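Take a look at the structure below.
Note that the structure is a prediction, hence the values are computed from the model and not measured. Remember, it's 1-based here, ligands and their atoms both numbered in the order they're listed.
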Amino acid sequence: MNEQRKQRKQKKRPTAGEPYPVTRAVTHIRLVEVNPGKLAALDALAPVYLALCQAYVTLFCTTESPNKLRDPRYQTPLSERWHRVAIMQAAGIARSWRSNRTAAYQQYQDDLERYQKQQADGQLSAHAKEPQWRAWNVPTLREPCIQANVNVVKLETSQESSFDYWLTISTLEKGQPIQVPVKLAAYHKAALTDPKTHQGKKLNTSVQLNQRDGVWWLTLSYDEEVTPQIVAGAPVVGIDVGIANFVTTSTGKQYGSFHKHLRARHKRDRAKRRRKAKLRACLKKKGVKHLPSTSSRTGQRLMRHVKHEINYAVNQCFAEPEHQGVQFAYEALSVASMRFKARAQNAYVRASHLGHIPQQILWNSQKRGVVATPVISAYSSQECSVCHYTDRTNRPDQRTFRCQVCGFAAHADYNAAVNLSRRVGDRPLRACRDRSAIKAVLMQRHEAWKQQQGMGNTSPVKRRKRGKASAAASSI
Ligand SMILES: [Zn+2]
């Protein structure tokens with residue numbers, strides 16, 4: 001890929017008719033050092049900026065609510081303009097941390113409530129553990145990342161032919177900015193040129209500077225206007241998210257999988273980390289001071305690879321000829337709450353980066369101007385898409401759905417995708433306050449279906465043993 005895209009957590013989703021801007025980023029532009037020592041001023045600024053930003057992140061995550069326009073509070077050798085940039089960036093980091101934590105806490109409370117209800121009803125399975133809330137650590141900024149605006153870093157087109165831009169960066173020394181030339185690679189230039197008019201795209205004035213292993217990298221961004229192509233009343237395609245199949249649609253297609261080679265790599269990586277941890281423990285006992293690192297390079301590579309496969313799968317789904325002119329419905333799940341969903345296979349779920357899939361669906365819908373609506377996912381894997389009978393015994397195993405009342409059988413992910421596709425604008429479901437209310441609504445629909453079929457009050461087919469079915473109950 002010659003153009004890296006950066007996702008913004010934009011709350012706005014495409015609505016019919018109205019064009020909206022999508023911010024795209026061009027990353028990995030290496031800052032060239034023409035004269036040795038020229039970037040030293042930036043190197044000197046980085047730790048000071050990082051420390052200040054960290055101070056505000058901690059403040060906004062613990063005692064104050066994030067405020068981009070907060071008055072400066074801490075002493076710093078940085079200029080007031082730099083100080084304001086640090087406050088803004090810290091507020092952004094703290095805001096997303098807080099909203100992730102809130103979502104996770106909500107999920108924890110739901111889980112706890114369900115657990116207590118099952119306990120009271122005597123329906124708790126032997127393996128069930130009481131959900132625990134673990135306090136979240138305040139984010140730690142490790143590598144310098146500066147989201148700078150025009151007040152501190154100015155981007156100008158270069159008049160000479162050897163460079164494309166000049167960056168003027170304010171430093172710790174007042175009135176002594178440094179000027180750094182920027183040279184774009186051919187693929188950067190292609191990404192920044194409008195294919196129709198052959199004109200350069202208009203860049204945003206804010207830029208991002210990252211320092212990794214002593215090298216400075218620049219990220220530029222531009223806004224692109226996307227017009228939603230959606231026609232009113234377009235058919236809805238439901239998307240179910242999972243490990244075995246990253247994406248399963250209600251049109252019966254499947255894209256990507258964490259199984260096969262990714263799973264094997266995950267296992268190898270885990271084994272390697274375990275060995276390392278053992279070695280560390282052993283060395284520690286012997287009083288060795290410098291212990292080998294626990295971070296795993298292969299693990300990070302694997303994560304990038306998994307995310308790449310997810311991007312590819314979601315992209316394929318949106319590009320599918322059959323999916324042109326449709327709108328999508330997908331599970332509204334947050335990354336943070338995923339951890340609580342399948343406790344037994346935590347490491348596995350984390351490694352599969354399922355939380356990346358909804359983000360990627362949102363991003364694809366934004367850049368393509370397609371409507372994608374997050375919908376309530378509760379019981380989508382247990383509800384029968386034909387008669388609405390909702391029970392965990394409908395899932396004899398992870399991949400199979402077999403309705404205990406009407407006998408409808410299908411791949412479990414497909415059944416869930418069909419359910420999700422029907423939940424766009426489902427007011428009665430959205431009005432529900434908790435999972436048990438949702439289940440009640442679904443069972444009312446099942447009763448209505450039975451009346452229609454003239455089945456009256458027949459009871460469902462004999463239930464299976466609980467223990468076996470509970471393993472398949474989670475929707476992942
Ligand atoms: Zn059924």
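- Within the coordination shell of the Zn ion (ligand 1), defined by N, O or S atoms under 2.8 Å, H388 is absent.
- Salt bridge annotation for E224-K367: absent, with no cationic side-chain nitrogen under 4.0 angstrom from a carboxylate oxygen.
- Relative ring orientation between H305 and H308 is described as perpendicular, the plane-to-plane angle rising above 60° on a 0-90° scale split at 30° and 60°.
- Vertex the Zn ion (ligand 1); arms to C384 SG and C406 SG; angle rounded to 10 degrees, 110°.
- The residues D426 and R445 are annotated as salt-bridged, a charged nitrogen and a carboxylate oxygen being separated by less than 4.0 angstrom.
- R395 contributes no side-chain N or O that, together with a main-chain N or O of F401, makes up a donor-acceptor pair within less than 3.5 Å.
- Coordination check, C387 versus the Zn ion (ligand 1): passed, since an N/O/S atom of the residue sits under 2.8 Å.
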